[in-house]
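Presented below is the structure to which this report refers.
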Amino acid sequence: MARILVIEDHPANLELMVYLLEAFGHTVLSEADGEAGIESARRARPDLIVCDVHLPKVDGYGVARELKGDPAARATPLLAVTALAMVGDREHILAAGFDGYISKPIVPETFVAQVESFLAPAQRAAPTPAAAIDSAPEMAAPLAPTRATILIVDDSPVNQELMRSVLEPFGYAVVTAGGVSEALVLAREHSPALIVSDLHMPGQTGFDLIRAIKADAQLGYITIIMHSATIRSEAERREAIRLGAAKFLAGPLEPQIILAEIEACLYQPPERQDGDHSHP
């Protein structure tokens, strides 16, 4: 077992993290601001520190700067817990001195394993019954009002739920469809501001979806992002843009990239969108 310091100013988030770590047998210390967290880290010498990025008094970057500059504390693993939202956030966090990060809202089933991956094997806990996780308090999602409605079109239920888990905590209303025909029905029903569609689906492709949306007087206003996780063809990117997609994203995408590209489509003036946003 390990001594773990959690620095988190949101009471519900702190309660959940402490509960989970203690359920797996770890000793948990907690602080609600960065200044107190630095003092506690130096005084208690924990085996690992879990730190929110947005903190009062001293933010997470300041905590990392102080502790990684302290010869007595710099070897202690330091994990950021943050709702990554912008391209470059991951690199910024690691460059600041954090050894890793965990995205908010945390997933109770995987949180402890994520933390323990930075501990020595002898400090990791034995498996805990699922009942302990089932009874865990809920972690508060980032506070955000309902923003735009986004229609996700993908024949994979797993991909649909992944997109939902990325977007809903940031206030987006998410509607999902498994194919083009269903997407057209749901688009008329929900009037989404944006459609994010896979390119390669059985039956009809993302190209068919763009054509149908842009040919429909009721739906033609909707912004479309097309993506493909496996195909990185320049010809397909050009075709998607020619048909009317605002952007074409290629390759597996990290959550913060998805969010940044969606925000760019929704909140940048149309003339600033060049459509060329493929990712290798």
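Atom CG of Leu67 and atom CD1 of Ile7 lie 6.5 Å apart (nearest 0.5 Å). Separation of atoms CG (Leu243) and CD1 (Ile224) is listed at 9.0 Å; rounding is to 0.5 Å. Atom CD1 of Ile152 sits about 3.5 Å away from atom CE of Met163, to the nearest 0.5 Å. The OG1 atom of Thr223 sits 6.0 Å away from the CG atom of Leu194 when rounded to the nearest 0.5 Å. To the nearest 0.5 Å, atom CE of residue Met1 and atom CG of residue Leu21 are 11.5 Å apart. Atom CZ of residue Phe111 and atom OH of residue Tyr19 lie 13.5 Å apart, to the nearest 0.5 angstrom.
Annotation for Arg42: atom CZ counts as buried by contact number, over 12 foreign heavy atoms lying within 6.0 Å. Within 6.0 Å of CZ in Arg74 there are more than 12 heavy atoms belonging to other residues, nucleotides or ligands.
Taking the charged nitrogens against the carboxylate oxygens, Asp59 and Arg65 have no contact shorter than 4.0 Å, which rules out a salt bridge.
Contact annotation: the side chain of Val18 approaches that of Glu22 to within less than 4.5 Å [non-hydrogen atoms, C-beta and beyond]. For the pair Leu266/Tyr172, a side-chain contact is recorded, criterion being any heavy-atom separation below 4.5 Å from C-beta on. The shortest side-chain heavy-atom distance between Glu236 and Leu199 falls under the 4.5 Å cut-off. With a 4.5 Å cut-off on side-chain heavy atoms, Cys265 and Ile225 count as touching. Contact of the Leu48 side chain with the Val50 side chain is registered, since non-hydrogen atoms from C-beta on lie closer than 4.5 Å.
Residues Leu14 and Glu8 approach most closely at N-CG, 3.7 Å, considering heavy atoms. Nearest heavy-atom pair across Leu78 and Cys51 is CD1-CB, 4.1 Å. Phe118 and Pro77 get closest at one heavy-atom pair: O-CG, 3.6 Å. Across every non-hydrogen atom of Asp99 and Leu79, the tightest pair is C-CD2, 4.5 Å. Heavy-atom minimum distance, Pro56 versus Asp33: O-CB, 3.5 Å. Pairing each heavy atom of Val153 with each of Ala183, the nearest pair is CG2-CB, 3.7 Å.
Listed by chain and number, the residues in a side-chain contact (heavy atoms from CB on, under 4.5 Å) with Asp198 are Asp154, Asp155, Met201, His227 (sequence neighbours excluded). Evaluation of the side-chain hydrogen bond (donor to acceptor under 3.5 Å, both in side chains) rule for Glu35 yields no partner, not counting sequence neighbours.
For the pairing with Met226, the side-chain contact (heavy atoms from CB on, under 4.5 Å) check across Thr205, Leu249, Ile210, Ile241 returns one residue only, Ile210.
Side-chain N or O atoms of Asp52 include none that pairs as donor or acceptor with a backbone N or O of Leu55 at under 3.5 Å. Distance alone, capped at 3.5 Å, is enough to place a donor-acceptor pair between the Arg124 side chain and the Leu119 backbone. One N or O on the side chain of Lys214 and one on the backbone of Ile222 form a donor-acceptor pair closer than 3.5 Å. Without hydrogens or angle criteria, Asp47 side chain to Arg3 main chain gives a donor-acceptor distance under 3.5 Å. Not a single donor-acceptor pair under 3.5 Å links the side chain of Arg237 to the backbone N or O of Phe248. Using a distance-only test at 3.5 Å, with no hydrogens or angles considered, no donor-acceptor pair links the side chain of Asp216 to the main chain of Ile213.
There is a path of hydrophobic side-chain contacts, each under 4.5 Å, that joins Tyr221 to Leu209.
Pairs of residues two or more places apart, or lying in two chains, that qualify as ring-ring contact (aromatic ring centres under 6.0 Å, His included) and include a residue from residues 37-77 are Tyr61-His92.
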Practice prompt. Assess whether side chain to side chain contact (heavy atoms under 4.5 Å, CB included) is satisfied between Glu31 and Leu5, documenting all intermediate values.
Written response: CA-CA 8 Å; Glu31 300 292 351; Leu5 171 62; 4.1 Å; yes
Worksheet item: After noting the C-alpha distance and the side-chain angles of Ile106 and Leu20, does the key distance pass the side chain to side chain contact (heavy atoms under 4.5 Å, CB included) rule?
Response: CA-CA 11 Å; Ile106 68 168; Leu20 291 169; 4.1 Å; yes
Discussion item. Could you go through Met17 and Val81, starting from their C-alpha distance and side-chain angles, then the distance that decides it, and tell me whether this counts as side chain to side chain contact (heavy atoms under 4.5 Å, CB included)?
Written reply: CA-CA 10 Å; Met17 288 188 278; Val81 181; 4.3 Å; yes
